[in-house]
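Presented below is the structure to which this report refers.
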Amino acid sequence: MSKRIYLDHAATTYTNKEVLNEMLPYFTEYFGNPSSVHQFGREVKKSIDVARDRVAKAIGALPEEIYFTAGGSEADNLAIKGVAYANKSKGNHIITTKIEHPAVLETCEQLEKEGFEVTFLDVDQYGVVSPEAVRNAIKDNTILISVMYANNEIGTIQPISEIAQIANEKKIYFHTDAVQAIGSIRINVKEQNIDMLSMASHKFYGPKGVGALYVRKGVKLISIIHGGSQERKRRAGTENVPGIIGIGKAIELAYQKFDENNARITMLRDKLIKGIMEKVPYTRLNGHPENRLPNNTNFCFEYIEGESLLLNLDMKGIAGSSGSACSSGSLEPSHVLLAIGLPHEIAHGSLRLSLGEVNTEEDIEYVLQVLPEIVDRLRQMSPLYEKVKGGK
Amino acid sequence: MYSDKVMDHFSSPRNVGEIENADGVGEVGNAHCGDIMKIYLKIEDEVITDVKFKTFGCGAAIATSSIATEMIKGKTVEEALKITNKAVVESLDGLPPQKIHCSVLAEEAVKAAIEDYQKKKAQ
Ligand SMILES: Cc1ncc(COP(=O)(O)O)c(C=O)c1O
Ligand SMILES: [Zn+2]
């Protein structure tokens, strides 16, 4: 197998070489503990401050509002549990949506077990949460609203500024999981009234296992990992120094190259969507037709199952992902596809191809050449397709 | 995740298709759960002389359908009824634990097709 085309950038990206080069000295040369008073510690502390500045600058925050974590999941947990536990006396109601990442959904479900009340809002057929629905769900005891910036499966971008505005009016904390949005959308937390925002470095060409939570000054939030006084006592544990250096460099590069990268990736995305919709019958595009991440495509091919599609694509060197039950290890297809109203049998046939910096027009042409044949072959084997064709 | 044997049957499935005027047809599973298997049998003197299948499902579902058709071809109806899910999985050199439920369908589809044959015969 010679060809290898990676179209799963929403799952993770490689670490950019420039990012890696900046990280490497922090394994061997600058290895001190940033909490130490000696020069070994101090020099590392300084570099962490630079990384913090870079992250803050990218989203319009202050450096002291950035807390480094071990990734997107931890940032989501810290935001939601941290606010819930700290504001229990004010209320116990949380509003979120049905299409959040499990890092948010399962955290909220855990809080339900602990006595909190959670409203999981519906979305429309494109996966959009209506700001009015958010407004209507607010109660006297609502303490937190958490709505993801952009969906990791179908790429739909939410009306975050409107929702944050409503939360702000009602004096309710607003958190957004922006793990998929960083590097693909320009964000300014101050102008957009965002109180908390989660990110994960490995989605924008930084290393895995490091993320950050922005927490607006004044938000009442308690630590969920107890121990030392790192991260101003909101996240105990000796810092993942190389990782933090990495996320700082990665986010800086992502926004330096923002216009150029996103224009090109959007062009490739649209070529891929157009080609697939033209070449493959009985196909639907999932997510919003325009308001979607520049790198996201998500389709349902009726009458076939997603995992067998992924395996066939993999044999041709194409890496994608699917929301079918069989590719997730559960018996249910993706909760996101069900939330946008797809019936189970169609949700099983989903394919997400997410683009990145490395992809070229030739990659897209190759996919457009290979994919229709694979779908057709699987349909020829499908007892469901037989019925559609009215038997031959 | 999958054994070489599974990938072999998945990438070049044996006996795919339909049999016109089949002596027995069995369809099991449903689209809700993501796996459907349909098996067609040609039976002469209680011997399965030809078998074809169509499957909507994951890699494990397709591979088990394929190997199950190989296992029953040329066998008597009585022998084919003895095919178990365990035997199917073993002949594929195993399946990941979360995929076992996909493989049960092969045994069920074979049984359903034979039942259909016996019902037709009794008429
Ligand atoms: C929207 C969203 N939130 C949270 C996460 C979790 O991030 P991590 O894997 O870095 O913990 C992901 C990553 O898959 C994601 O896409
Ligand atoms: Zn399956």
Side-chain angles (χ1 to χ4, degrees), chain A residues 1 282 300-317 319-335 337-338 342-351 370 373-392, chain B residues 1-22 25-40 52-66 69 95-106 108-109 112-113:
Chain A
M1 190 173 72
Y282 306 110
C300 276
F301 301 101
E302 292 185 46
Y303 319 117
I304 64 172
E305 193 276 336
E307 191 207 77
S308 49
L309 179 58
L310 283 189
L311 291 170
N312 271 297
L313 285 169
D314 188 43
M315 290 190 286
K316 295 280 186 187
S321 87
S322 170
S324 83
C326 274
S327 60
S328 69
S330 81
L331 289 175
E332 282 286 304
S334 138
H335 66 286
L337 299 178
L338 295 179
L342 295 185
H344 277 66
E345 57 270 31
I346 292 178
H348 284 300
S350 79
L351 174 70
V370 166
E373 285 169 23
I374 294 174
V375 172
D376 188 56
R377 198 172 76 82
L378 288 169
R379 281 181 177 162
Q380 295 306 330
M381 304 182 47
S382 167
L384 295 172
Y385 194 52
E386 212 175 276
K387 286 165 192 156
V388 178
K389 291 189 306 174
K392 4 153 234 186
Chain B
M1 174 172 94
Y2 286 132
S3 70
D4 291 345
K5 197 85 176 273
V6 173
M7 286 314 290
D8 174 37
H9 276 269
F10 171 74
S11 53
S12 28
R14 333 290 200 255
N15 305 310
V16 177
E18 295 159 50
I19 298 177
E20 273 185 47
N21 306 316
V25 181
E27 182 171 329
V28 297
N30 63 57
H32 192 87
C33 320
D35 289 308
I36 302 179
M37 223 173 261
K38 191 168 180 183
I39 286 192
Y40 300 79
K52 291 267 191 286
F53 81 91
K54 283 205 169 174
T55 291
F56 162 86
C58 64
I62 290 175
T64 49
S65 311
S66 166
T69 60
L95 278 174
Q98 77 274 19
K99 289 291 181 180
I100 298 293
H101 77 271
C102 311
S103 71
V104 202
L105 287 184
E108 289 174 1

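Throughout, protein chains are lettered first and strands after them, A, B, ... in sequence-line order, and every chain is numbered starting at 1.
- Contact between A:E307 and B:Y2 at its shortest, heavy atoms only, is OE1-OH, 2.8 Å.
- The heavy-atom pair separating A:P383 from B:F56 by the smallest distance is CD-N, 3.4 Å.
- A pairwise comparison of heavy atoms in A:M381 and B:P13 identifies CE-CG, 3.9 Å as the closest pair.
- Heavy atoms of A:R379 lying under 4.5 Å from chain B are absent altogether.
- If you measure heavy-atom distances from A:I304 to chain B, the contacts under 4.5 Å come from the backbone alone.
- Of the atoms belonging to B:I36, heavy atoms from both backbone and side chain fall under 4.5 Å from chain A.
- Neither the backbone nor the side chain of B:A61 comes within contact range of chain A; no heavy atoms are under 4.5 Å apart.
- Heavy-atom minimum distance, A:M315 versus B:S11: SD-CB, 3.5 Å.
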